[in-house]
Trainee: 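I'd like to ask you about the structure that follows.
Bear in mind that the values here come from a model prediction, so they are computed numbers and not experimental data.
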Amino acid sequence: MQVKRLLKAYPSMKAAVDISVWDQGAAMAEYAGKCKAIERALEALPYEGREIITKCFLEQKKDKYIYEFVLKIPKSTYDLYKSRAIHTLSSILKAANIV
């Protein structure tokens, strides 16, 4: 799924944009646009979805750690929240022509 790949690449893209602020190349502009789109899409998610996506994809934490220690919810509920968050992000990013 393109959204999962994009989210996994986000930390690297964000770092490249932050390091290369002075470089106005097309690639950096594209990365900056994608980073901004992901940040805006995350803001549209409910708390649980935002936490799951942030911890799972952007901070690279393990699923078990997130549902047991961060959110303190059952795995089945976690899986539902995670799939909804990915679907919502996918819809937003597709509407913005990012993916």
Trainee: What donor-acceptor contacts under 3.5 angstrom involve side-chain atoms of residues 53-63, with partners at least two apart or in another chain?
Mentor:
residue: Thr54; atom: OG1; partner: Arg50; partner atom: O; Å: 2.7
residue: Gln60; atom: NE2; partner: Phe57; partner atom: O; Å: 2.4
residue: Asp63; atom: OD1; partner: Tyr78; partner atom: OH; Å: 2.5
residue: Asp63; atom: OD1; partner: Lys82; partner atom: NZ; Å: 3.2
residue: Asp63; atom: OD2; partner: Lys82; partner atom: NZ; Å: 3.2

Trainee: Give the cluster check for Leu42 versus Leu6: same hydrophobic cluster or not, with ILVMFWY residues linked at side-chain heavy-atom distances below 4.5 Å.
Mentor: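 Result: yes, single cluster for both.
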
Trainee: Report the residues that fulfil side chain to side chain contact (heavy atoms under 4.5 Å, CB included) with Ile92, sequence neighbours left out, ordered by chain and then residue number.
Mentor: Ala41, Ala44, Thr88

Trainee: Can Tyr47 be reached from Leu80 by stepping across I, L, V, M, F, W or Y side chains whose heavy atoms are under 4.5 Å apart?
Mentor: no

Trainee: Starting at NZ of Lys36, measure out to CD1 of Ile98 and round the result to the nearest 0.5 Å.
Mentor: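 Here the rounded value is 12.5 Å.
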
Trainee: Ser91: what forms a side chain to side chain contact (heavy atoms under 4.5 Å, CB included) with it, not counting sequence neighbours?
Mentor: His87

Trainee: Between Arg84 and Glu48, is there a side-chain N and carboxylate O pair less than 4.0 Å apart?
Mentor: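 No salt bridge links Arg84 with Glu48.
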
Trainee: What residue pairs, at least two apart or across chains, pass salt bridge (charged side-chain N to carboxylate O under 4.0 Å, His left out) with a residue in residues 71-80?
Mentor: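 Checked against salt bridge (charged side-chain N to carboxylate O under 4.0 Å, His left out) - neighbours excluded - the pairs reaching residues 71-80 are Lys75-Asp79.
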
Trainee: Which residues satisfy the ring-ring contact (aromatic ring centres under 6.0 Å, His included) test with Phe69, sequence neighbours excluded?
Mentor: Tyr65

Trainee: Going through the checks in order, is the side chain to side chain contact (heavy atoms under 4.5 Å, CB included) test met by Glu39 and Tyr10?
Mentor: CA-CA 10 Å; Glu39 291 164 6; Tyr10 173 82; 2.6 Å; yes

Trainee: Could you walk me through whether Glu43 and Arg40 satisfy the side chain to side chain contact (heavy atoms under 4.5 Å, CB included) test, starting with their C-alpha distance in whole Å, then the side-chain angles of each, then the deciding distance to 0.1 Å, before giving a yes or no?
Mentor: CA-CA 5 Å; Glu43 290 174 6; Arg40 295 289 182 234; 3.2 Å; yes

Trainee: Drop me the distance from Met13's CE to Cys35's SG, to the nearest 0.5 angstrom.
Mentor: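 Separation between the atoms: 4.5 Å.
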
Trainee: What is the minimum heavy-atom distance between Gly49 and Ala85, and which atoms define it?
Mentor: CA-CB, 3.7 Å

Trainee: Is there a side-chain contact between Lys4 and Ile86, using heavy atoms and a 4.5 Å cut-off?
Mentor: yes

Trainee: Considering residues at least two apart in sequence or located in another chain, which fulfil the ring-ring contact (aromatic ring centres under 6.0 Å, His included) criterion with Tyr81?
Mentor: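 Result, ring-ring contact (aromatic ring centres under 6.0 Å, His included) vs Tyr81: none returned.
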
